[in-house]
Protein chains: 2
Amino acid sequence: MKRPTIHDVAAAAGVSRGTVSRVLNGDRYVSTAARLATERAIAETGYVVNRTARSLVTQRSGSVVMVLSEPHEKIFEDPNYSTSIRTSIRRLAERDLSLVMMIAGDAGDRDRVLRYVKGGHADGVLLLSTHAGDPLVDALHDVHIPVVSLGAVIGRENVIPYAACDERGGAQQMTRYLVEQGRKKIAMITGPMDTPGGIQRLEGFTDVLGRKASKKLIEHGDWTRLSGESAMARLLERSPDIDAVFAASDVMASGALTTLRAAGRRVPEDVALGGFDDSDVAMSTHPALTTVRQPLAEIAERTLSILLDLIDGAEHVPSVALPTQLIVRDST
Amino acid sequence: MKRPTIHDVAAAAGVSRGTVSRVLNGDRYVSTAARLATERAIAETGYVVNRTARSLVTQRSGSVVMVLSEPHEKIFEDPNYSTSIRTSIRRLAERDLSLVMMIAGDAGDRDRVLRYVKGGHADGVLLLSTHAGDPLVDALHDVHIPVVSLGAVIGRENVIPYAACDERGGAQQMTRYLVEQGRKKIAMITGPMDTPGGIQRLEGFTDVLGRKASKKLIEHGDWTRLSGESAMARLLERSPDIDAVFAASDVMASGALTTLRAAGRRVPEDVALGGFDDSDVAMSTHPALTTVRQPLAEIAERTLSILLDLIDGAEHVPSVALPTQLIVRDST
DNA sequence: TTGAAAGCGCTAACAC
DNA sequence: GTGTTAGCGCTTTCAA
């Protein structure tokens, strides 16, 4: 049999389609009798609203797009995505909103996202890992749709609200700790310099070290394990007497660890190694990584809250930066 | 200004809405003149089709749901998800289908998924990590919607088509290799026994070892690192003279490694350690893990192909099991 | 408090 | 080849 429509329910309940719609949407102008009859009819017929039809008239899609702006290959290499995605799905589901995932790695992808949003198929956009200068950000903003970012969008901090950890403060914690441990020559492996984690963790590093944070002691990675390995190799070649390294992510730290070990350096005896994120890998390396924990689940929660507020019509919602925590393990 | 509709385009092009619809949908009965005028009008007005309106009449949603059946907390702990999700999004986007993600951890979740699908909001369902006996599987099957699973659904192998690696063969490869290396007392840490990876990798293990695969040498984990640690501890306590361990996943192997090291066992000298998946962690442990590579990207591709064929109306599409490859590193 | 009816934007059948 | 038109299933005035 065909799927029952509001029409069938109305017939079964002996009321009009308008009334059925009213009880469906919790309108208060419905008599108890009509409501009861309708509810019974809904149960009997096994009726399920057709969101498509509803969307057509309400102009609301009932879904949110999550845009992953990382180039294809690297997406998800970062273990941090997991928590964010899980949290987003859950929070959205509570509001009966669904999560549509899109990748925006190249121009074609960005175009697809834009068409999708312009087509009115999303009530909000959740940006992940957006790099500075991404044209999609402004394009999206022009569409006048609620947009939020998990982690700041460099250069658009004031136009796209976000929730993030205190990147700079976290990096300061780690650097200060390394200094307090008596380390004299501390190097850093940063993330990409067009991401907040790349820029701000380096800022925190130089905040503490001042002029001791010389160019020679800084290398850039791209968050991958492999980039950590090679950055560490360059660092070691240039400054063999390094006695500490702060990698801007645990994954890169794990890469650096491989290089250090291959070079015959003992960790932490010869070189102390610090990571960032407190992701799963931090526990699986040997020695386990001293790292900076960022409250990922809470960041995701807050990001969603901002988006939902925006969708509910809030004009402007402030961004938030949550405190990090230094987790000392065996690598320092 | 309001978003232009097919009506505006028709007016601008000087044709009827029907004609616009025809060029939009690639109908062949359109004169070149009309087509050109329409295309120009589309460009001029910045028109984007409203999929909602289209869905309402075509009864097609233009999206596919990916259902993650893992209990909430564990989702994504498995690094294998990443590749699957990425591949799915990409393949679907090529067909202009979008990917909606839903979690089905508890009864309420399953109900939501079912309502969504029954509501006609998905043209197909992609199952991930479904456990044996999951009631959602049969419920979904009853809805008569294309359903495919990434990895077999235990107990429903013949009703839900799937793509997977040759789980059993892969486990045989590893076990045989361990035997060939001269290991005498080989233990195994399996996955959950209601998943294909849990069951079939153990089968491969016993296939090779025969009665030497005694109960004493088998422990069950749940794919997490922690479960690998504790399973290893139980194994060691029961049989201190173990000289090899085959963990059904790299993540669990990395947990086992921690326990082995804490117990003073050298890997691989005292105990050889094999994993499964060839995920990122396999390279980040020390020593790097010997493991069984499963062609994740291809498995995901094939899964999507099956689903798309089904959506295109194919009656029955055969499941596939792709060959694995033994990757020898330093842990054996 | 309720019913009737006008669309939301699009596709597809039909007539020309 | 092309225009016209009848819905797809729902919400939301407008009257009553």
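Naming convention: chains lettered A, B, ... in sequence-line order (proteins, then strands); numbering from 1 in each chain.
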Kindly say if [X] contacts the phosphate of [N], meaning a side-chain N or O under 4.0 Å from OP1 or OP2.
{"X": "A/S21", "N": "D/dT11", "answer": "yes"}
{"X": "A/N50", "N": "D/dC8", "answer": "no"}
{"X": "B/Y47", "N": "C/dC10", "answer": "yes"}
{"X": "A/T19", "N": "C/dG3", "answer": "yes"}
{"X": "B/S31", "N": "D/dG1", "answer": "no"}
{"X": "B/T5", "N": "C/dG9", "answer": "no"}
{"X": "A/Q59", "N": "D/dT11", "answer": "no"}

Have a look at B/R22 and say if it touches a base, only the backbone sugar-phosphate, or nothing, with a 4.0 Å heavy-atom cut-off.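 The answer is base, as B/R22 lies within the cut-off (heavy atoms under 4.0 Å) of a base atom.
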
What nucleic acid atoms does B/V49 come within less than 4.0 Å of, heavy atoms only: base, sugar-phosphate, or nothing?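 Sugar-phosphate contact only.
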
Would you confirm whether A/H7, through its side chain, and A/T5, through its main-chain N or O, come within 3.5 Å as a donor-acceptor pair?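 The answer is no, because no donor-acceptor pair under 3.5 Å joins these two groups.
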
Between [atom2] of [N] and [atom1] of [X], the distance in whole Å:
{"X": "B/N25", "N": "C/dA13", "atom1": "CG", "atom2": "P", "result": "12 Å"}
{"X": "A/R35", "N": "C/dT1", "atom1": "CZ", "atom2": "P", "result": "10 Å"}
{"X": "B/L36", "N": "D/dG1", "atom1": "CG", "atom2": "P", "result": "15 Å"}
{"X": "B/D8", "N": "C/dC8", "atom1": "CG", "atom2": "C1'", "result": "14 Å"}
{"X": "A/L24", "N": "D/dT12", "atom1": "CG", "atom2": "P", "result": "11 Å"}
{"X": "B/I6", "N": "C/dA12", "atom1": "CD1", "atom2": "P", "result": "11 Å"}
{"X": "A/H7", "N": "C/dG3", "atom1": "NE2", "atom2": "P", "result": "13 Å"}
{"X": "A/Y29", "N": "D/dA16", "atom1": "OH", "atom2": "C1'", "result": "16 Å"}

Show every side chain to side chain donor-acceptor pair (under 3.5 Å) that has at least one partner inside residues 151-163 of chain B, sequence neighbours left out.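 Pairs touching residues 151-163 of chain B that pass the test: B/D138-B/R156.
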
B/S305 vs B/R91, side-chain hydrogen bond (donor to acceptor under 3.5 Å, both in side chains): CA-CA, chis, key distance, verdict: CA-CA 9 Å; B/S305 296; B/R91 287 281 263 124; 2.6 Å; yes

Heavy atoms from C-beta onward define the side chain here; which of D/dC10, D/dT2, D/dG3 lies closest to that of B/A34?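 Of the candidates, D/dT2 comes closest.
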
Any idea which of D/dG9, C/dC10, D/dT2 is nearest the A/A53 side chain?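 Comparing D/dG9, C/dC10, D/dT2 against the side chain of A/A53, the answer is D/dG9.
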
Would you call A/R95-A/D123 a salt bridge at under 4.0 Å N-O?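 The answer is no: the pair does not qualify as a salt bridge.
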
Assess whether a salt bridge exists between A/R90 and A/E94, defined as any Lys/Arg side-chain N lying under 4.0 Å from an Asp/Glu carboxylate O.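 Not counted as a salt bridge, because no side-chain N and carboxylate O are separated by less than 4.0 Å.
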
Taking for each residue the nucleotide of DNA chain D with the nearest heavy atom, is it B/R17 or B/L56 whose nucleotide lies nearer the 5' end?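 Its nearest nucleotide lies further toward 5', so the answer is B/R17.
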
